[in-house]
Amino acid sequence: MNDENGNSNSTPDPEDIRRLWEQMMSQGFDPEALASAAGFDGSPESLQQLFANIQGAFFLPTPPEEGSGVNWQAAALKAKEIAKVGSVALDDKDRKNLTDSIGIANLWLNEATSISEVAIEAKLLSRALWVDDALPLFRALAEPVADRMNRSLGEAIQSQLPEELAETLKGASEIMRSAGAMMFAMQLGQSLGQLSQEAITGSEIGLPIYAEQRPAFITQNITEFVKGLDLGPDSDQVYIYLVLRELAHTRLFKHSKWLREKVVAQIREYASGISVDTGRMEELSEGFDPENPEEIRIALESGAFLAETSQEQQQALERIETNLALIEGWVDAVTTEAAKRLPKGEAIREAIRRRRATGGPAERTFQTLVGLSLRPKRMREASELWQKIGAAVGNEKRDSLWDHPDLLPTDKDIDEPEKFVARLKADLGLGDAMDQALRDLLDE
């Protein structure tokens, strides 16, 4: 490498190293070119510098933390970079709409649920602040599968190294892992950044981003969502409805202190058991085209590296989806009851249901990265179950089912709500002779 005067420059060009690193997975790789670009002369000191230069070429400000499959610093930087695009400050009118709605929503929820309100003040977030606050939850959800995938990807890449460098770079596994961690971080950062432009509340994905159960609202996104419904003078009803949903979420998780950690643990357990398609990784690394460095990114984004789920994994996934559906169903049922005073309440409910059913591109990206959909498939059926339970035994008895995980309805109960309600009434001593006859008939 020469400077503008033609003299030798000992500082390697990161772009040269990056380009040559990409060629490590192609048949045309030139090991001498990489060594020359990095200033490698064969000494241990020079080898150490080579590794440092490769790390710098991949813009790794720090390597991934021990045991982590994602460079979280890089993921956060990427997410906030996207979050800041088009961001605007909250104006006083929007702030007043939200604060006024919180007072109204708490009063109406007191009539719709026996679970007491949360005393913590709501937090109004920008998109970038949402990234900061949501990152710990997404880290807990994504880390198990990210670690498995990156280790497998690093092994697949290292297996394709030319024989000339196999011995020299045998200690490069950490650099390989760092490169894999960066690739996953960029994808997850992209997904989180896009989610920051779509999320409306702190419980957008069905789990609250705050362990202390603090309601939160991404103000710019709420304003854009309200404008998109085009309700004119009735737009204040949308604010109230959205606040009702968020406060119902936070009440539920505050009441059931075990709920958030239980679902997070289920997701982590499911993710840690995900199988990686090493054959697909090796195939991609063997046929890697240096002219198309996006190939690995596209493969990560499409979920091509995730193997088919086993029967045990599918059953675990169904348990998670049932829990998410029960949570969303309860929130929907309580919000619907609390919003009965809103003339446009049902129309707003359907708009939110459609939005939650379809999701956006960012959520689909997260699904392919982690192998888990954030949208419960059976929310409507679960909502109907909770409504029937409330009508049969009252809100207090309905809400008491959240006191312990063993009391909650199962996936089968969502399919057969009448049977569950009959059993519940019998357990509570609320049945009569007709109920008993019906129960006997159903049991037969």
Side-chain angles (χ1 to χ4, degrees), residues 89-126 129-130 133 199-210 212-256 327-356 379 383 386-387 390-391 394-396 398-399 402:
L90 175 69
D91 61 36
D92 292 339
K93 181 181 177 181
D94 293 332
R95 185 184 301 275
K96 187 176 187 302
N97 282 334
L98 284 170
T99 54
D100 289 349
S101 297
I102 290 172
I104 296 172
N106 270 321
L107 288 175
W108 291 1
L109 282 172
N110 288 339
E111 300 175 2
T113 176
S114 63
I115 298 178
S116 58
E117 65 185 79
V118 176
I120 303 177
E121 183 180 0
K123 192 171 184 179
L124 306 184
L125 300 172
S126 66
L129 282 176
W130 179 87
D133 291 355
I200 289 178
T201 67
S203 59
E204 179 73 12
I205 67 168
L207 292 173
I209 60 175
Y210 299 112
E212 70 273 21
Q213 313 313 325
R214 182 176 187 176
F217 304 93
I218 299 87
T219 52
Q220 179 178 352
N221 297 347
I222 287 182
T223 300
E224 292 178 359
F225 178 74
V226 171
K227 290 179 180 178
L229 293 184
D230 196 21
L231 293 181
D234 295 323
S235 61
D236 59 327
Q237 296 183 37
V238 187
Y239 283 98
I240 295 174
Y241 198 98
L242 293 174
V243 171
L244 281 169
R245 280 186 53 84
E246 176 68 357
L247 295 184
H249 258 115
T250 53
R251 286 191 185 206
L252 174 60
F253 281 88
K254 186 71 172 180
H255 172 78
S256 304
I327 292 167
E328 282 295 304
W330 184 89
V331 169
D332 182 69
V334 169
T335 301
T336 300
E337 184 176 347
K340 59 189 177 186
R341 294 184 178 89
L342 296 177
K344 299 290 185 180
E346 193 58 33
I348 300 170
R349 179 193 189 193
E350 283 305 311
I352 292 174
R353 275 185 164 184
R354 288 194 300 271
R355 179 179 180 275
R356 291 193 63 75
M379 191 272 285
S383 178
W386 287 117
Q387 289 176 21
N395 292 343
E396 184 175 356
R398 175 201 64 193
D399 298 341
W402 290 102

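Throughout, numbering of the chain's residues begins at 1 and tracks the sequence.
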Seminar exercise, completed: Of all heavy-atom pairs linking Ser101 and Asn97, the shortest is OG-O, 2.6 Å
For this session: Working to the nearest 0.5 Å, report the span between CZ of Arg251 and CG of Leu109.
Result: 4.5 Å
Problem set entry | Asn106 backbone acceptor or donor facing Glu117 side chain under 3.5 Å | no
Problem set entry | Ser256 side chain to Phe253 backbone, donor-acceptor under 3.5 Å | no
Exercise. Is it true that Glu111 and Lys340 have a side-chain N and a carboxylate O under 4.0 angstrom from each other?
Worked result: no
Exercise. Nearest heavy-atom pair of Asn395 and Ala112: which atoms, and what distance?
Worked result: ND2-O, 3.2 Å
Seminar exercise, completed: Note: Val118 and Gln213 closest approach over all heavy atoms is CG1-O, 3.5 Å
Problem set entry | Atom pair OG1/OH of Thr99 and Tyr239 - distance to nearest 0.5 Å | 11.0 Å
Problem set entry | For the student: nearest non-hydrogen atoms of Leu242 and Phe217, plus distance | O-CE2, 4.2 Å
Exercise. What is the distance from atom CD1 of Ile348 to atom CD1 of Ile240, rounded to the nearest 0.5 Å?
Worked result: 8.5 Å
Seminar exercise, completed: To the nearest 0.5 Å, atom CD of Glu204 lies from atom CD1 of Ile218 at 7.0 Å
Problem set entry | Between Thr223 and Asp94, a side-chain donor and acceptor under 3.5 Å | yes
Exercise. Is Val334 close to Arg398 at the side-chain level, that is, under 4.5 Å between some pair of heavy atoms?
Worked result: yes
Exercise. Take atom CD in Glu121; do more than 12 heavy atoms of anything else shown fall under 6.0 Å from it?
Worked result: no
For this session: Report the C-alpha distance between Arg349 and Glu346 in whole Å, list the side-chain angles of each, state the deciding distance to 0.1 Å, and finish with yes or no for salt bridge (Lys or Arg N to Asp or Glu O under 4.0 Å).
Result: CA-CA 5 Å; Arg349 179 193 189 193; Glu346 193 58 33; 3.4 Å; yes
Problem set entry | Salt bridge present between Arg353 and Glu328 (N-O < 4.0 angstrom) | no
Exercise. Which pair of non-hydrogen atoms, one from Ile115 and one from His255, has the smallest distance, and what is that distance?
Worked result: CG2-CB, 3.5 Å
For this session: Measure from the side-chain N and O atoms of Gln220 to the backbone N and O of Ser126, and report whether any donor-acceptor pair falls under 3.5 Å.
Result: no
Exercise. Within a strict 4.5 Å, meaning less than it, do heavy atoms of the Asp133 and Lys123 side chains meet?
Worked result: yes
Problem set entry | Test item: Asn221 side-chain N/O and Ala199 main-chain N/O as donor-acceptor pair under 3.5 Å | yes
Problem set entry | Reported CD1-to-CE distance for the pair Ile327 and Met379, which is rounded to 0.5 angstrom | 12.5 Å
For this session: Check the angle between the aromatic planes of Trp402 and Trp330 and answer parallel, tilted or perpendicular using the 30° and 60° thresholds.
Result: perpendicular
For this session: Answer yes or no: is there a donor N or O on one side and an acceptor on the other, between the side chain of Thr335 and the main chain of Val331, under 3.5 Å?
Result: yes
Exercise. Judged by atom type as modelled, is there a donor-acceptor pair below 3.5 Å linking the side chain of Asp332 to the main-chain atoms of Ser383?
Worked result: no
For this session: Quick one: closest heavy-atom pair of Glu246 and Pro215, and the distance?
Result: OE2-CA, 3.5 Å
For this session: Find the distance between OG1 (Thr201) and NE2 (His249) and round it off to the nearest 0.5 Å.
Result: 7.0 Å
